[in-house]
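Structure first, then comments.
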Amino acid sequence: MDNKFHRIKAIELQGRVVSADEAASWIKDGMTLGLSGFTRAGDAKAIPYALVRRAKTEQFKVNVFTGASLGSDVDKLMAEAGIVHKRLPFQADPAMRRKINSGDMLFVDHHLSQTAEWIRAGVIEPIDFAVIEALEITEDGMIIPTTSVGNSSVFVKHAKNVIIEINLSQPELFKGVHDIYEPGKQGQRSPIPLTHVSDRIGTIGIPVDLEKVRAIVFTEQEDSPSTILQSDAETEVMAGHLLNFLRAEVASGRLTNQLAPLQSGIGSVANAVLHGLIDSEFEDMEVYSEVLQDAVFDLIDAGKVKFASASSITLSKEKMEQVFGNFEEYRDKIILRPQEITNHPGLIRRLGLISINTALEFDIYGNVNSTHVSGTKMMNGIGGSGDFARNARLSIFVTKSIAKGGIISSVVPFATHVDHTEHDVDIVVTEQGYADLRGLAPRERVPLIIEHCVHPMYRDQMRSYYEEALLRGGQTPHVLEKAFSWHANLANNGTMLLSE
Ligand code: COA
């Protein structure tokens, strides 16, 4: 028997190996799939690719639920093939984004911690097929995931059928890194017994009812590397502002040099900000995040981070080679968990996280838009930012003060879509500086945001807006008919700069 079969240690499953095309042929029009995959890591690849091939000769649509965004162009290919009816809970692909924004595809933009609850409670379409990338299937019937856990465990538990993609390219050393915990039904559950970032509270794999395993396919396709851009001058300046804020917290006695467990969102800015910690005085740090990007491994290498917990590992090509090639150096310092545990509101509050996420825009009172360009066009989705923002000890949002060469101000009079209300946002940071909004009334926030965060080219314009707003009065003064005038001007004249 071929050596790769040693990855199927539950002997009774060895006869269920089929080709991806055959397994995909069982998926019918109108079905709902639960695919493994979280921020381009550990995604099911072979079955989605087979579905895309099938779409060349047959018309069908399926609902696609995942952990978060998929890599390996899976979202792109499925969107272009027109086979996705509804997508949930997050995506980050330009082709899929176009389909969503043109109305050709439905997208449910959902807090990443909550999808598992919807599935458990039967709120959304039941999962017909869970398709899960795995390292191996153990003798006692557990699926060992690869580079992400995401929603895989809840998909497997509740799906009618399970297809397992064993990926031979993933390092077997990954076994033992995962910690799968099932909280149980709402109203009947006990407190989640996690009080430290490094606590192990579950099993090393996803228990599966072997009867439900319809097929096993082998693949060798690696995860696609992350697309993070390197730090630039502005993101480095932003990191500097954030470090100064953290230093002030230490000086006030609210934090120590160990800080508090860190969560950092997706994207280049958040990655750069974490990078800024490497040359800082902070030490013995811990990470309790959704995704471990390059910066976290650099911080581990620098001896700055002692433990990191997340739901996935998403790295650049270079970093992937280094980390996966030397995984024994990292395996005792990381844990991968289901996303309802990494993003669990109660745990975020209990651990007292410092949470750093990126905004598309925020307004003069601190309302943050993370998702909708000019209030209408979906970018990626809220992801876990809402799970963290509401519950973190420090909820920090970063963004460059201008976008697209200055035609867009990322600080606006009124956020055109509010993902995180002023009540959930503690600190906003741009390359201009930071504004600590804690304990401030709306009228106290505005001057701070204007002077510390708005780009100089938009400051006068913002001051005029606010002066006029003050004449109207209110707890959060606005000139309603002008609140979106910057966005309207962008749409009509190609810039948010208003001509007098
Ligand atoms: N209006 C329109 N476009 C804007 C904008 C604004 N106010 N601010 C930024 N952009 C554009 C940028 O120009 C850039 O465009 P490009 O891709 O054509 O170059 C793009 O948005 C990304 O911006 P960038 O500054 O490179 O930031 P990023 O890569 O860090 O991504 C978000 C920023 C907000 C899109 C991203 O962090 C996100 O999707 N967040 C929501 C999910 C989340 O926070 N998850 C966190 C928990 S893990």
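The analysis underlying the following values was restricted to heavy atoms, covering all of them including side chains, and did not include hydrogens, waters or symmetry mates. Note that ligands are numbered from 1 as they come in the structure, with each ligand's atoms numbered from 1 the same way.
- For ligand 1, the atoms lying closer than 4.0 Å to a non-hydrogen atom of S410 are 7 (N), 8 (N).
- Under the 4.5 Å side-chain criterion, counting only non-hydrogen atoms from C-beta, P413 is in contact with M462.
- If you number the atoms of ligand 1 from 1 as listed, the ones under 4.0 Å from a heavy atom of N357 come out as 46 (C), 47 (C).
- Close contacts of ligand 1 with I408, meaning ligand atoms under 4.0 Å from a residue heavy atom, involve 1 (N), 2 (C), 6 (C), 7 (N).
- When non-hydrogen atoms are compared, ligand 1 lies under 4.0 Å from the backbone of S385 as well as from its side chain.
- Near E290, meaning under 4.0 Å from any of its heavy atoms, are these atoms of ligand 1: 47 (C), 48 (S).
- The two residues A389 and S355 make their nearest non-hydrogen contact at N-OG, 4.5 Å.
- If you look at H452 and Y434, their ring centroids are not closer than 6.0 Å.
- At least one heavy atom of V373 sits closer than 4.0 Å to an atom of ligand 1.
- Numbered from 1 in the order shown, with element, the atoms of ligand 1 that lie under 4.0 Å from a heavy atom of G381 read 41 (C), 42 (C).
- The aromatic ring centres of W486 and Y458 sit less than 6.0 Å apart.
- Using modelled atom types, one side-chain atom of N367 and one backbone atom of E422 make a donor-acceptor pair closer than 3.5 Å.
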inquiry  = What verdict does the ring-ring contact (aromatic ring centres under 6.0 Å, His included) test give for F174 and F324, after you've listed the backbone C-alpha separation in whole Å, the side-chain angles of each residue and the deciding distance to 0.1 Å?
reply    = CA-CA 9 Å; F174 253 96; F324 296 164; 5.6 Å; yes
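- Taking the six-membered ring where the residue is Trp, the centroids of H196 and Y288 are separated by 6.0 Å or more.
- Less than 4.0 angstrom separates some heavy atom of I382 from each of these atoms of ligand 1: 42 (C), 43 (C), 45 (N).
- Of the listed options D109, L360, I407, T342, L360 places a heavy atom closest to atom 6 (C) of ligand 1.
- At least one heavy atom of K404 lies less than 4.0 angstrom from ligand 1.
- Rounding to the nearest 0.5 Å gives a distance of 12.5 Å between CZ of F155 and CD1 of I143.
- Not a single heavy atom of A270 lies less than 4.0 angstrom from ligand 1.
- At a 4.0 Å heavy-atom cut-off, ligand 1 touches N380 through the side chain alone.
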